There are 2 protein chains.
Amino acid sequence: MPTRRTDPLTLEVVELIGTVVARYHDEYEEAAAQHALTGAQARVLGLLSLEPTPMRKIAEKLKCEPSNVTGIIDRLESRGLAERRPDPADRRVKVAAPTEEGRDVARRLRESLHFAREPLGELTEAERTLLRDLLRRMLGTA
Amino acid sequence: MPTRRTDPLTLEVVELIGTVVARYHDEYEEAAAQHALTGAQARVLGLLSLEPTPMRKIAEKLKCEPSNVTGIIDRLESRGLAERRPDPADRRVKVAAPTEEGRDVARRLRESLHFAREPLGELTEAERTLLRDLLRRMLGTA
DNA sequence: TATTGTTATACTCTATAACTATA
DNA sequence: TATAGTTATAGAGTATAACAATA
């Protein structure tokens, strides 16, 4: 059972993490808006650019109901950034995939996400290693 | 001009931060939902519990248009969690303030935000100090 | 004239429930 | 029967524009 700490140091770290979260979120929305995308559209396009994905799977990754994905893909599709493909193995399934333009937008989107890349440039390699290990332990990854 | 790094170490740290952001966001929404609040309502109630705030100021803190705040405060007010008060110094201004029940909900909300408190319990004090300093430098705070 | 808050409008995201076509 | 995706619906957040009250 982990200790629940309320000392000033822990509270400061919590606040710093809150600041990181807020800044990350703001920069993500801003980058999406530069490409006339909503946050949800940008996230889905990012997913698809990694791998064409069935509608249901997209909902799982977004942690939302499958019915919502229909509209998001509709909007990406109407802008020529994504398309629905049949799954030869299961005719119920529709696999959403980025178009060539969609991949291009996703790439430029990724590049405009300076956050946590430029700021990390301020740290030495040893410091980045340290930060990685601390974050891993916080997240229970290692 | 900071260096834009794309080495594996930096990319892993970026991904870890993305994971932190996602987990933080999910836990926040979940905590809000436990009190039948949306994320936006919970954020505003949290603000008000620190200090009664004019509508316009709330919009600035939320980085949204003032017109949106009207509806959010309306919903908090209809649930008896917040109220609008006149500003004696400027009769155009309406100051939103939490009711006693609103303060109580805000307090319980804060307490249910385990994130970044329990995980930090896994770290020693020296490690938390290190993490604080690295985050500060990343954010340009120090 | 400028500012504060509101209203009206339209769009997107969200969950729920009912539907269809496949399996 | 069960599953994948859709449609229909309703609520909430968002931006924009126009408005009333006050400065």
Side-chain angles (χ1 to χ4, degrees), chain A residues 22 25-48 52-79 81-97, chain B residues 22 25-48 52-79 81-97:
Chain A
H25 183 265
D26 290 348
E27 293 200 9
Y28 195 91
E29 294 290 318
E30 193 181 325
Q34 278 168 10
H35 296 275
L37 294 171
T38 65
Q41 288 163 9
R43 271 187 292 280
V44 170
L45 193 56
L47 279 181
L48 302 189
T53 312
M55 305 296 280
R56 202 124 203 133
K57 200 85 178 179
I58 296 173
E60 285 167 18
K61 299 214 176 177
L62 257 61
K63 297 195 217 295
C64 76
E65 294 300 314
S67 59
N68 301 324
V69 179
T70 299
I72 296 171
I73 295 295
D74 280 352
R75 281 161 218 127
L76 288 175
E77 201 162 27
S78 73
R79 287 192 44 198
L81 301 177
E83 62 186 12
R84 287 168 166 92
R85 296 176 186 164
D87 179 343
D90 186 338
R91 294 197 302 173
R92 293 174 303 182
V93 173
K94 289 177 188 170
V95 179
Chain B
H25 183 264
D26 290 349
E27 294 201 9
Y28 194 92
E29 294 289 317
E30 193 180 326
Q34 278 169 9
H35 296 276
L37 294 171
T38 65
Q41 288 163 12
R43 270 186 293 279
V44 170
L45 193 55
L47 279 180
L48 302 190
T53 313
M55 305 298 279
R56 201 128 205 127
K57 200 85 178 179
I58 296 172
E60 285 168 18
K61 299 215 175 179
L62 257 59
K63 296 194 217 296
C64 75
E65 294 300 314
S67 60
N68 301 324
V69 179
T70 299
I72 296 171
I73 295 295
D74 280 351
R75 282 161 218 127
L76 288 175
E77 201 162 27
S78 73
R79 286 192 44 198
L81 301 176
E83 62 185 12
R84 288 168 165 91
R85 297 177 186 163
D87 179 344
D90 185 338
R91 293 198 303 171
R92 293 174 303 181
V93 174
K94 289 177 190 171
V95 179

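Letters A, B, ... are given to chains in the order of the sequence lines, protein chains preceding strands, and every chain is numbered from 1. Scope of the values below: all heavy atoms of this structure, side chains included, with no hydrogens, waters or symmetry mates. Predicted, not measured: the structure shown is a model, and the values here were computed from it.
Whole-Å rounding puts the A/R91 CZ to C/dT20 C1' distance at 13 Å. When the P atom of D/dG5 is taken as reference, atom CZ of A/R85 falls 15 Å away, rounded to whole Å. Rounding to whole angstrom units, CG of residue B/N68 and P of C/dT7 are separated by 13 Å. Spacing between atom CG of A/D87 and atom C1' of C/dA23 amounts to 12 Å, rounded to whole angstrom units. In this structure, NZ of B/K57 is placed 15 Å from P of C/dT3, rounded to the nearest angstrom. D/dA15 atom C1' lies 13 Å from atom CD of A/E29, rounded to whole Å. Protein atom CD1 of A/I73 is 14 Å distant from nucleotide atom C1' of D/dA4, rounded to whole Å. A/I58 has its CD1 atom 13 Å from the P atom of C/dT14, to the nearest Å.
Mapping A/P88 and A/C64 onto DNA chain C via the closest heavy atom, the residue that lands nearer the 5' end is A/C64. Both B/D90 and A/Q41 lie close to DNA chain C; mapped to their nearest nucleotides by heavy-atom distance, the more 5′-ward contact belongs to B/D90. Heavy-atom nearest nucleotides on DNA chain D were determined for A/M55 and for A/R92, and the one closer to the 5' end corresponds to A/R92.
For B/T70 and C/dT6, the shortest distance from a side-chain N or O to OP1 or OP2 is below 4.0 Å. Phosphate proximity of C/dT6 to B/K94: present, with a side-chain N or O under 4.0 Å from OP1 or OP2. Taking 4.0 angstrom as the limit, A/T38 places a side-chain polar atom (N or O) nearer than this to OP1 or OP2 of C/dC13. Contact annotation: A/R84 reaches the phosphate of D/dT6 (side-chain N/O to OP1 or OP2, under 4.0 Å).
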*For the pair B/L62 and B/I72, evaluate side-chain contact (heavy atoms from CB on, under 4.5 Å) and give the outcome as yes or no after the intermediate values.*
CA-CA 11 Å; B/L62 257 59; B/I72 296 171; 4.1 Å; yes
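At the heavy-atom level, B/R56 lies under 4.0 Å from base atoms of the strands shown. Looking at heavy-atom distances under 4.0 Å, B/R43 makes no contact with the nucleic acid at all.
Taking only side-chain atoms of A/V93, from C-beta outward, the nucleotide of C/dC13, D/dA4, D/dT14 with the closest atom is D/dA4.
Between A/E30 atom CD and A/H25 atom NE2 the span is 12.0 Å, to the nearest 0.5 Å.
Just one of B/V95, B/T70, B/V93 meets the side chain to side chain contact (heavy atoms under 4.5 Å, CB included) condition when paired with B/R84; it is B/T70.
Under a 3.5 Å cut-off, the side chain of A/R85 and the backbone N or O of A/P52 do not form any donor-acceptor pair. Here the side chain of A/R75 pairs no donor or acceptor atom with the backbone of A/T38 at under 3.5 angstrom.
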